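The structure under discussion appears below in the form of structure tokens.
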Amino acid sequence: MVIKKRWVVERSFAWLSFDRRLNREYDLLPQTTEAFIFLAFIRCMIRRLTVFAQPTAVSL
């Protein structure tokens, strides 16, 4: 059912709203907006991956 997956799309749009350039429509070409959406998701995924890449402190 489509409704069950709707929150995934809404959450993704919420993540995009954190990017200042995507809050307003500055670009004339849709390809430019598409490229900035792609870059925003890359930035989001890099932030998530850096959390896992940081060494964790192990207490012995």
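Sequence positions, counted from 1, serve as the residue numbers for this chain. Computed from a prediction, not measured in an experiment: that's the story for all the values here.
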Quick one: list whatever passes side-chain contact (heavy atoms from CB on, under 4.5 Å) with Leu49, sequence neighbours left out.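 Testing Leu49 for side-chain contact (heavy atoms from CB on, under 4.5 Å), a comparison that skips the adjacent residues, returns none.
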
For Phe38, all residues meeting side-chain contact (heavy atoms from CB on, under 4.5 Å), sequence neighbours excluded: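 Partners of Phe38 under the side-chain contact (heavy atoms from CB on, under 4.5 Å) test: Ile42.
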
Sequence neighbours excluded and cut-off under 3.5 Å, please list the side-chain donor-acceptor pairs for residues 7-15, or say none.
| from | atom 1 | to | atom 2 | distance (Å) |
| --- | --- | --- | --- | --- |
| Trp7 | NE1 | Lys4 | O | 3.1 |
| Glu10 | OE2 | Arg6 | NE | 2.7 |
| Glu10 | OE2 | Arg6 | NH2 | 3.4 |
| Ser12 | OG | Val8 | O | 2.9 |

Report yes if some heavy atom in the side chain of Leu39 is under 4.5 Å from a heavy atom in the side chain of Phe36; otherwise report no.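 Heavy-atom side-chain distance check passes, below 4.5 Å.
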
Pairs meeting criterion salt bridge (Lys or Arg N to Asp or Glu O under 4.0 Å) with involvement of residues 31-46, two or more places apart: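 Found Asp19-Arg43.
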
Identify, with sequence neighbours excluded, every residue that meets side chain to side chain donor-acceptor pair (under 3.5 Å) alongside Gln31.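 Partners of Gln31 by the side chain to side chain donor-acceptor pair (under 3.5 Å) criterion come out as none, since no residue qualifies.
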
Could you list who else is in Leu28's hydrophobic cluster, with ILVMFWY side chains joined at under 4.5 Å, directly or through other members?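 Once heavy-atom contacts under 4.5 Å are chained together, Leu28 still belongs with nothing else.
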
